[in-house]
*Asks:* 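Attaching a single structure in structure tokens format; questions to follow.
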Amino acid sequence: MPQCTGGLDERLAAAFARAARVAPRAPALLVGMDTPQLDAAALAEPLSAARRPGVDAWYGPAADGGFWALGLARPTGRLARRLLLGVPMSTPDTGRALLARLAAAGLTVHHLDLATDVDTIAAARRVAAEAPQTTFAACLRSIDAAPGTAG
């Protein structure tokens with residue numbers, strides 16, 4: 001689905017609202033595009049139907065203090081706006097602020113594994129080393145091996 005305009009907090013809230021309209025009884029999970037090491041297997045167990053009862057939200061912390069995933073078991077536009085609007089994005093305190101909002105809303109949160117998101121070349125190299133079999137790692141290796149490229 002196309003993103004709306006506005007800051008990341010507004011775009012994330014709108015995505016949850018749209019997901020709720022498209023599939024009103026389904027959970028929704030938003031995953032950052034900057035976690036190329038992530039695969040379906042990492043999410044299969046914690047998001048399985050057997051593990052969902054009693055969970056209101058899923059939170060994937062990022063090593064830089066942000067988050068790489070946020071899921072809501074019963075998303076609504078109203079809840080998404082309450083959780084996300086005004087949360088400072090791309091700061092070392094983003095994750096802490098979001099967790100405080102989730103707690104204030106009385107949601108039971110399942111914490112996903114910590115992940116490194118790719119915001120810098122150093123992070124890109126760490127992620128590629130952690131997941132050398134990925135297309136991302138192969139692309140980074142080819143860039144590093146290109147003539148005139150300093151590693």
Side-chain angles (χ1 to χ4, degrees), residues 1-20 22-23 26-52 55-77 79-103 105 107-146 149 151:
M1 291 182 247
Q3 290 188 33
C4 70
T5 59
L8 183 55
D9 59 336
E10 295 167 288
R11 290 180 282 142
L12 293 173
F16 276 117
R18 187 171 297 168
V22 171
L29 178 76
L30 300 180
V31 177
M33 291 178 54
D34 56 355
T35 50
Q37 74 278 32
L38 182 66
D39 62 16
L43 295 174
E45 193 272 331
L47 298 175
S48 69
R51 294 283 308 272
R52 275 190 250 152
V55 175
D56 300 311
W58 294 267
Y59 171 78
D64 64 3
F67 62 97
W68 62 267
L70 177 63
L72 297 174
R74 290 168 299 285
T76 66
L79 175 61
R81 286 187 300 277
R82 194 168 93 207
L83 293 174
L84 291 159
L85 294 184
V87 169
M89 295 291 161
S90 302
T91 75
D93 295 322
T94 298
R96 189 176 5 256
L98 179 57
L99 284 171
R101 296 268 185 106
L102 292 163
L107 301 180
T108 301
V109 179
H110 176 90
H111 292 253
L112 302 169
D113 289 340
L114 179 73
T116 299
D117 54 359
V118 177
D119 295 326
T120 66
I121 190 62
R125 289 196 171 100
R126 275 194 306 278
V127 167
E130 292 168 11
Q133 76 290 357
T134 61
T135 302
F136 176 80
C139 287
L140 187 60
R141 284 191 299 271
S142 72
I143 291 167
D144 284 344
T149 304

*Asks:* Check step by step if side chain to side chain contact (heavy atoms under 4.5 Å, CB included) holds for L29 and L47.
*Replies:* CA-CA 9 Å; L29 178 76; L47 298 175; 3.4 Å; yes

*Asks:* Going by heavy atoms in the side chains, are F16 and L83 under 4.5 Å from each other?
*Replies:*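 With C-beta onward as the side chain, the pair stays apart.
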
*Asks:* What is the ring orientation for F67 with Y59, classed by angle as parallel under 30°, tilted 30 to 60°, or perpendicular over 60°?
*Replies:*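 Because their plane-to-plane angle lies in the 30° to 60° range, the rings of F67 and Y59 count as tilted.
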
*Asks:* Are the side chain of R141 and the backbone N or O of P132 linked by a donor-acceptor pair below 3.5 Å?
*Replies:* yes

*Asks:* Do R11 and L8 come close enough that some side-chain heavy atom pair is under 4.5 Å?
*Replies:* yes

*Asks:* Output yes when a side-chain donor or acceptor of W68 lies under 3.5 Å from a complementary backbone atom of P61, and no otherwise.
*Replies:*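 Yes: the side chain of W68 pairs with the backbone of P61.
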
*Asks:* Do V127 and R125 come within less than 4.5 Å of each other through their side chains, counting heavy atoms only?
*Replies:*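 No, their side chains stay 4.5 Å or more apart.
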
*Asks:* Could you tell me whether a side-chain N or O of R18 sits under 3.5 Å from a main-chain N or O of A14, the two making a donor and an acceptor?
*Replies:* no

*Asks:* Strictly distance-based, threshold 3.5 Å: is any side-chain N or O of Q37 a donor or acceptor partner for the main-chain N or O of T116?
*Replies:* yes

*Asks:* As a quick check of understanding, evaluate side chain to side chain contact (heavy atoms under 4.5 Å, CB included) for L107 and R74, giving each step before the final call.
*Replies:* CA-CA 11 Å; L107 301 180; R74 290 168 299 285; 5.9 Å; no

*Asks:* So, does D9 use its side chain to make a donor-acceptor pair with the main chain of L85 at under 3.5 Å?
*Replies:*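 Not at all, since once roles are kept as given, no pair shorter than 3.5 Å links the two residues.
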
*Asks:* Side chain to side chain contact (heavy atoms under 4.5 Å, CB included), that's the test. Do E45 and R51 meet it? Break it down for me.
*Replies:* CA-CA 7 Å; E45 193 272 331; R51 294 283 308 272; 2.3 Å; yes

*Asks:* Less than 4.5 Å apart, any side-chain heavy atom of L12 and any of V87?
*Replies:* no

*Asks:* Restricting to salt bridge (Lys or Arg N to Asp or Glu O under 4.0 Å), what partner residues turn up for D39, sequence neighbours left out?
*Replies:* none

*Asks:* Say whether, by atom type as modelled, one donor and one acceptor occur between the side chain of R101 and the main chain of R82 under 3.5 angstrom.
*Replies:*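 Side chain of R101 to backbone of R82, a donor-acceptor pair under 3.5 Å: yes, one is there.
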
*Asks:* Would you name the heavy atoms of A26 and P75 that are closest together and state the gap between them?
*Replies:*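 A26 and P75 have their closest heavy atoms at O-CD, 3.4 Å.
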
*Asks:* Could you tell me whether a side-chain N or O of T108 sits under 3.5 Å from a main-chain N or O of V55, the two making a donor and an acceptor?
*Replies:*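 Here the side-chain-to-backbone pair does not exist.
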
